[in-house]
Amino acid sequence: MTVLAQPGAYRPVPPPAWRPRAEAAPLLPDEEPYRLLGTGAELDAALLKELYAQLVKGRRYNQQATALTKQGRLAVYPSSTGQEACEVAAALALREQDWLFPSYRDTLAAVARGLDPVQALTLLRGDWHCGYDPRATRVAPLSTPLATQLPHAVGLAHAARLRGDEVVALALVGDGGTSEGDFHEALNFAAVWQAPVVFLVQNNGYAISVPLAKQTAAPTLAHKAVGYGMPGRLVDGNDAPAVHAVLTEAVTRARRGGGPTLVEAVTYRLDAHTNADDATRYRDDAEVDAWRAHDPITLLEAELASRDLLEDGGTDLRVTARDAAEALAADLRARMHAEPVLDPMALFDHVYAERTGQLREQAEQLRAELAAHDDADDADHAHHADHPDHPGTADDAEGDAR
Amino acid sequence: MTVLAQPGAYRPVPPPAWRPRAEAAPLLPDEEPYRLLGTGAELDAALLKELYAQLVKGRRYNQQATALTKQGRLAVYPSSTGQEACEVAAALALREQDWLFPSYRDTLAAVARGLDPVQALTLLRGDWHCGYDPRATRVAPLSTPLATQLPHAVGLAHAARLRGDEVVALALVGDGGTSEGDFHEALNFAAVWQAPVVFLVQNNGYAISVPLAKQTAAPTLAHKAVGYGMPGRLVDGNDAPAVHAVLTEAVTRARRGGGPTLVEAVTYRLDAHTNADDATRYRDDAEVDAWRAHDPITLLEAELASRDLLEDGGTDLRVTARDAAEALAADLRARMHAEPVLDPMALFDHVYAERTGQLREQAEQLRAELAAHDDADDADHAHHADHPDHPGTADDAEGDAR
Amino acid sequence: MSTAATGSGAARPTAAPASAPGADPARKPTPLAQALGQALRDAMAEDPAVHVLGEDVGTLGGVFRVTDGLAKEFGEDRCTDTPLAEAGILGAAVGMAMYGLRPVVEMQFDAFAYPAFEQLVSHVARMRNRTRGALPLPITVRVPYGGGIGGVEHHSDSSEAYYIATPGLHVLTPATVADAYGLLRQAIASDDPVVFLEPKRLYWAKDTWDPAHPTPVEPIGRAVVRRAGTSATLLTYGPSVPVCLEAAEAARAEGWELEVVDLRSLVPFDDETVCASVRRTGRAIVVHESGSFGGPGGEIAARVTERCFHHLEAPVLRVAGFDIPYPPPMLERHHLPGVDRVLDAVDRLQWESRWTEGGGR
Amino acid sequence: MSTAATGSGAARPTAAPASAPGADPARKPTPLAQALGQALRDAMAEDPAVHVLGEDVGTLGGVFRVTDGLAKEFGEDRCTDTPLAEAGILGAAVGMAMYGLRPVVEMQFDAFAYPAFEQLVSHVARMRNRTRGALPLPITVRVPYGGGIGGVEHHSDSSEAYYIATPGLHVLTPATVADAYGLLRQAIASDDPVVFLEPKRLYWAKDTWDPAHPTPVEPIGRAVVRRAGTSATLLTYGPSVPVCLEAAEAARAEGWELEVVDLRSLVPFDDETVCASVRRTGRAIVVHESGSFGGPGGEIAARVTERCFHHLEAPVLRVAGFDIPYPPPMLERHHLPGVDRVLDAVDRLQWESRWTEGGGR
Ligand SMILES: Cc1ncc(C[n+]2csc(CCOP(=O)(O)OP(=O)(O)O)c2C)c(N)n1
Ligand SMILES: Cc1ncc(C[n+]2csc(CCOP(=O)(O)OP(=O)(O)O)c2C)c(N)n1
Ligand SMILES: [Mg+2]
Ligand SMILES: [Mg+2]
């Protein structure tokens with residue numbers, strides 16, 4: 001706007017309402033995404049190797065999970081192929097006592113943290129909603145309603161701080177999720193409460209088909225931080241050590257009482273939104289290819305090579321990593337091919353601490369139906385089951401509709 | 001965070017996802033709230049006089065409306081005493097075809113725009129929800145659910161732009177309202193759509209009892225703008241010409257297709273939250289007194305005096321303004337003391353374009369009850385009316401409860 | 001799906017060109033989702049005020065492809081990919097409607113309409129009333145609802161109980177391809193806000209239908225008898241209509257002639273058609289996927305009982321989803337009311353004369 | 001308010017120290033709001049995991065002064081003024097509960113709970129079930145509800161229909177001072193999430209009560225007969241309980257002895273107490289402020305009819321608010337179900353023997 005002369009003749013006593021509460025400049029992100037790969041920066045060799053092994057395993061995990069959808073063993077799989085650096089770095093930046101708050105795309109982060117992949121995939125397999133004990137694993141349930149997990153992370157981190165525990169919560173959200181009101185409310189609460197929470201936005205360029213330019217007009221998503229009074233950091237999301245460094249610094253700051261941080265990691269989803277999505281409807285091959293050239297695994301492998309870290313006393317890191325990845329895939333495949341044990345009566349469990357009268361009646365009804373059905377099955381009864389045991393994705397559902 | 005050397009060896013083709021979409025610097029607010037009073041800036045004398053007359057009238061309006069609550073003529077009144085500069089400037093910054101989106105505190109802005117005060121106060125009197133035709137007046141209904149009117153303003157401005165009309169929407173919201181998800185979603189939509197809308201946050205330091213420091217940790221509320229990619233402006237909300245200038249510039253920019261602006265006006269609510277509120281529970285007199293010393297009317301009057309604009313050909317602007325204000329107050333008082341004409345059967349009007357069967361039945365029921373009641377009244381029937389005609393505020397309600 | 005029969009009552013034409021159904025050789029098996037898309041296309045072509053907005057409705061054509069091609073045909077200003085924020089979408093639609101447009105909002109899945117709940121309840125439903133008719137909001141909110149498609153949690157809710165309890169909204173739900181088109185056209189043409197509930201698992205169900213000459217359908221507020229019967233009435237809507245028709249077919253083998261009423265319009269509710277049927281049959285079952293407690297079935301059973309008490313041979317029963325969070329894909333078939341559950345309820349309709357019972361009646 | 005009678009059934013003690021009611025000279029007229037505050041205070045004193053949060057609950061003590069003094073007594077970390085964002089408040093409470101706290105959230109008015117609807121429905125209500133019991137959420141959401149206080153629009157909604165249709169939530173509402181205290185203590189002690197609906201217009205209603213020895217009350221899930229009668233049963237809750245008691249008193253003059261059942265707990269629902277009463281009287285009316293269509297009355301009427309059909313001499317009737325947006329203050333008395341409307345409904349309970357009627361029965 002026009003800047004008029006302000007000689008400052010009028011200077012009210014600064015009332016408490018509008019004294020700046022924080023210096024804005026330190027909260028603003030750097031101009032360029034933060035990077036370590038190729039910079040010659042001093043880096044811990046063990047960390048680089050660990051990241052590499054995890055990236056390779058993560059990629060294989062993504063491939064295997066996608067394959068399982070084709071075999072009808074998963075209802076749906078939203079792959080994080082291309083985003084493994086973010087997923088893995090998020091997991092490794094946390095300590096044992098810290099909590100991870102994943103969105104529906106982030107099973108890999110949970111697995112990289114040590115969660116059993118079969119448990120992590122329960123939601124997407126479809127035998128139950130959440131397949132693990134969040135308290136035991138310090139991994140919140142995968143959140144399907146976008147951005148709704150962010151205030152949970154804030155509340156948990158705040159509670160831990162009130163209890164005097166050194167617990168940090170790291171919450172994952174997508175670029176699309178930043179548009180939701182819950183994102184706003186969570187970040188504001190976090191900053192006002194100075195809660196030990198780190199928000200990692202994986203900006204993969206799309207919310208399903210909607211590109212970032214239709215999602216926001218902000219210079220970067222990291223710029224949103226200043227509006228809450230927390231630091232915003234921009235990082236190359238395909239540079240695993242850079243993401244790890246930025247997150248570790250933010251986690252450490254949070255742990256020390258320094259409050260929340262918003263981190264935007266710029267990355268790309270190489271696969272379609274889910275196995276059911278057709279990404280060619282909204283993006284072209286050239287764009288995908290450009291990003292393939294910046295694959296997080298290739299980048300890290302080049303760095304390891306340039307530092308002569310790929311071979312170690314006769315063992316080739318690439319081979320070890322690949323073998324470990326294959327082992328994970330084989331185990332996952334085998335265990336996912338086993339039919340899950342399903343008890344329909346479990347539908348009435350845990351709706352409340354105790355079943356209400358209403359639920360006891362309904363449970364009795366189902367029990368009777370199941371008994372009748374068993375009898376009928378024996379007698380090759382005509383009444384059919386309404387739906388197949390392994391329902392497919394939306395695209396498959398045609399066969400399912402009557 | 002630690003700034004590591006970034007020699008830039010690694011430079012991926014900048015993928016479309018993370019090229020900054022806008023320069024951040026021009027979007028950030030100035031360090032100090034923008035001011036004109038006392039700066040010696042060139043100012044339009046007619047505008048100053050008009051603002052002054054409106055401020056005086058606005059103050060009197062606030063007083064009269066508050067008095068009406070004591071007389072049981074208004075159910076409740078949230079006064080904008082102390083905030084008249086914002087209310088009046090918002091009204092004057094708009095053209096005939098523009099739309100105003102007030103919150104529940106902003107009847108004065110509507111009145112300053114020319115709305116009949118009796119119509120503006122209908123909601124608070126309690127005879128209906130909205131007392132005027134929003135399309136005819138280009139004033140949206142007062143919004144009680146905080147921040148919910150902001151997306152409406154965006155949608156309307158967007159629609160007008162699609163139609164090719166030069167319409168700007170100006171939406172008012174409080175500092176507390178900026179914490180709501182709807183604020184976030186509205187600003188984001190506005191920026192993505194480049195909608196011709198101006199958001200004016202009246203930061204009066206409190207959301208009922210909650211001070212700004214418990215509401216946000218942001219440097220200023222205007223800093224939120226950069227996170228949406230729109231300019232943020234900070235202005236002294238008690239400096240009427242400054243608010244008017246900032247809003248006019250934003251409105252003009254919007255009208256020319258330059259997109260939305262977020263304006264934070266720093267001001268203070270001198271009265272309690274509403275007539276039912278006891279502000280001494282959460283703020284001390286010293287703070288109120290400090291702000292009284294920066295009363296928007298006193299400030300503007302001093303400016304007029306210093307410019308020798310108070311007297312004009314024998315007429316004293318103060319007297320003219322006061323007389324006009326008294327006339328408004330007298331008229332308002334008189335008209336608000338007349339019993340509003342109430343038709344209970346109107347309850348069933350305008351629920352839908354046409355009454356549903358359900359509503360026709362219920363309307364018949366009420367009609368019968370009213371008829372029976374009339375008969376009973378004649379016969380001094382024992383069945384009592386459950387509630388008084390003029391219900392009071394929460395504090396009054398004690399007498400109402402059984 | 002074999003529910004194309006228009007049922008009883010004179011069909012009033014919609015805005016679409018009416019034709020003599022059956023005469024046209026262009027009628028062919030058409031999925032319900034396609035008829036919905038056609039309704040949007042025709043409404044947009046007819047009235048430039050009609051705008052479609054939502055997540056992924058533009059380039060992608062929606063995750064169910066209902067809006068496929070609209071952005072290309074009418075431009076991105078008419079069919080707009082919005083930021084990912086449901087309250088913002090519906091709130092913006094309110095503003096657009098205030099300016100005279102007729103927005104059609106797509107919510108991607110039922111549970112993802114909840115963030116817009118405040119906008120829906122506190123503004124959309126009330127704006128006309130608040131402003132004494134000055135500001136009607138002709139907004140259509142399309143909500144894919146219900147289960148049976150193997151969706152993971154939060155993708156299969158039946159949320160109609162929330163909407164029918166909100167005065168000011170019309171709540172419609174088609175079960176046939178003709179209604180998908182006809183009701184959606186009516187919804188868009190209506191000056192009142194409409195929550196338009198689309199049964200997800202019927203998106204791919206087909207009826208014989210001609211997009212160029214859409215079958216005229218009954219107006220908003222009218223229920224339709226999809227199958228005539230004398231033994232008992234099944235009152236149902238949306239995804240449960242085909243289930244009830246199948247149950248009625250199966251019941252015939254056991255000697256029952258079940259009448260199936262497709263409610264179509266939950267608000268306004270067609271007491272006339274419903275009560276006429278129940279008075280005729282003397283017995284009724286409400287069938288829906290939504291949970292039972294506090295669900296639409298309670299309202300329907302209560303009002304039918306109020307109006308038809310002396311015609312009832314048995315209490316109105318309810319066959320509904322259980323009162324549990326929607327189950328995971330592998331268990332949903334146990335939750336969804338299917339043919340067996342409907343037939344079991346029919347069994348319980350006190351076919352033995354009640355006079356032989358000991359009860360107080 | 002003269003509803004202090006605890007009613008039938010053995011009262012089970014709450015967590016509060018039980019005492020022989022009536023024996024204590026410290027019992028004095030106490031407003032319902034004060035008993036709620038006392039419940040919060042006692043719960044916070046007993047269990048350091050109990051945290052109160054919401055808008056203006058700290059320094060101000062809430063706009064209804066229910067939390068008055070708590071911040072001073074327990075510190076701002078235990079009773080916290082939050083930013084103005086209801087989804088954020090409830091969402092943060094979810095996280096706090098995940099970490100083992102027992103948050104008590106205050107929503108300032110009924111309609112201002114709507115922004116938190118997604119958090120409530122998609123997370124609070126389901127977390128225990130989603131995690132197979134690993135993550136119960138002991139959250140109490142206090143919602144002042146209903147009208148009659150002269151509030152402007154969006155300040156007088158009756159939103160219970162939305163909550164009772166959401167499996168996983170308990171929905172409680174007190175009508176007496178003893179229940180205000182006792183039920184709120186039970187809600188906070190419950191490991192399940194509770195929507196605790198506080199009837200706004202009863203906040204200042206008084207019962208004789210001793211804060212040091214709170215009257216023990218029935219547990220969650222139990223209805224209580226507040227007045228015994230034989231002619232018909234009024235099934236009601238919250239703000240309508242005093243209305244029904246007054247109606248019962250007035251009806252006595254006309255020869256009717258009305259039984260008044262205070263439901264207290266909408267979820268879980270006490271079929272036993274309700275049906276026992278209706279079977280005894282043979283006639284029932286559900287009375288509530290909430291709109292009729294899709295409101296709780298439909299559910300209650302339907303389930304009573306299902307269970308007591310052969311004991312009913314007349315259909316279960318409903319007396320409710322109209323199906324309109326809540327009216328402005330000056331008209332609300334025409335909307336709220338009052339004594340006259342209840343008595344009119346009693347009139348319509350088919351007192352002439354139904355056998356003399358021509359109907360099909
Ligand atoms: C509240 C809500 N609205 C809509 C959806 C449907 N939906 C699922 S994923 C998705 C896109 C998410 O984009 P983004 O946040 O960028 O995450 P990404 O998929 O890229 O990881 C949408 C719209 C949802 N899950 N939740
Ligand atoms: C969604 C919503 N939540 C809560 C309220 C209750 N309430 C009314 S005014 C108010 C404070 C508003 O503060 P602010 O936005 O700063 O505006 P001010 O009152 O200062 O003008 C609150 C919490 C509301 N009206 N709407
Ligand atoms: Mg994305
Ligand atoms: Mg304020």
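Values below: all heavy atoms of this structure, side chains included; hydrogens, waters and symmetry mates excluded. Note on naming: letters A, B, ... go to the chains in the order of the sequence lines (proteins, then strands), and numbering restarts at 1 for each one.
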Which value, rounded to the nearest 0.5 Å, describes the distance between [X] atom [atom1] and [Y] atom [atom2]?
X: D/Asp270; Y: D/Arg222; atom1: CG; atom2: CZ; answer: 6.0 Å
X: A/Leu221; Y: A/Thr178; atom1: CG; atom2: OG1; answer: 5.0 Å
X: D/His51; Y: D/Met96; atom1: NE2; atom2: CE; answer: 5.5 Å
X: A/Thr144; Y: A/Tyr104; atom1: OG1; atom2: OH; answer: 9.0 Å
X: D/Arg185; Y: D/Thr140; atom1: CZ; atom2: OG1; answer: 11.0 Å
X: A/Phe189; Y: A/Leu150; atom1: CZ; atom2: CG; answer: 13.0 Å

Which atoms of [X] come close to chain D, meaning under 4.5 Å heavy atom to heavy atom: side chain ones, backbone ones, both, or neither?
X: A/Ala140; value: both
X: A/Leu347; value: backbone
X: A/Ala153; value: neither
X: A/Ala160; value: both
X: A/Glu180; value: neither
X: A/Asp182; value: side chain
X: A/Val154; value: neither
X: A/Leu187; value: neither

According to the interplanar angle, ranging from 0 to 90°, do the rings of D/Tyr163 and D/Phe117 count as parallel (below 30°), tilted (30 to 60°) or perpendicular (above 60°)?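 Because their plane-to-plane angle lies in the 30° to 60° range, the rings of D/Tyr163 and D/Phe117 count as tilted.
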Whether D/His123 and A/His152 hold their rings parallel, tilted or perpendicular, with breakpoints at 30° and 60°: perpendicular
Scored by heavy-atom pairs under 4.5 Å with chain A, the best of D/Pro268, D/Gly133, D/Ala97, D/Ala93 is D/Gly133
Tell me, out of D/Arg78, D/Glu272, D/Arg130, D/Arg126, who's got the most heavy-atom pairs with chain A below 4.5 Å. D/Arg130
Side chains of A/Gln358 and D/Arg303: is there a donor and an acceptor less than 3.5 Å apart? yes
Can you establish whether the number of heavy atoms outside A/Gln97 located under 6.0 Å from its atom CD is more than 12?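 Check passes, neighbour count above 12.
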Neighbour count above 12 (heavy atom, 6.0 Å) for A/Arg256 CZ: no
Can you tell me which portion of [X] sits under 4.5 Å from chain A's heavy atoms? Options are side chain, backbone, both or neither.
X: D/Ser190; result: neither
X: D/Leu90; result: neither
X: D/Thr131; result: both
X: D/Ala49; result: both
X: D/Asp77; result: both
X: D/Glu86; result: backbone
X: D/Ala87; result: both

Counting heavy-atom pairs closer than 4.5 Å to chain D, which one of A/His184, A/Glu354, A/His158, A/Arg163 comes out on top?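 Greatest number of close heavy-atom pairs with chain D: A/Arg163.
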Which residue out of A/Val351, A/Thr148, A/Asp133 racks up the most heavy-atom pairs below 4.5 Å with chain D?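 Ranked by contacts with chain D, first place is A/Thr148.
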Report the residue from D/Leu120, D/Val141, D/Val195 that forms a side chain to side chain contact (heavy atoms under 4.5 Å, CB included) with D/Met107. D/Val141
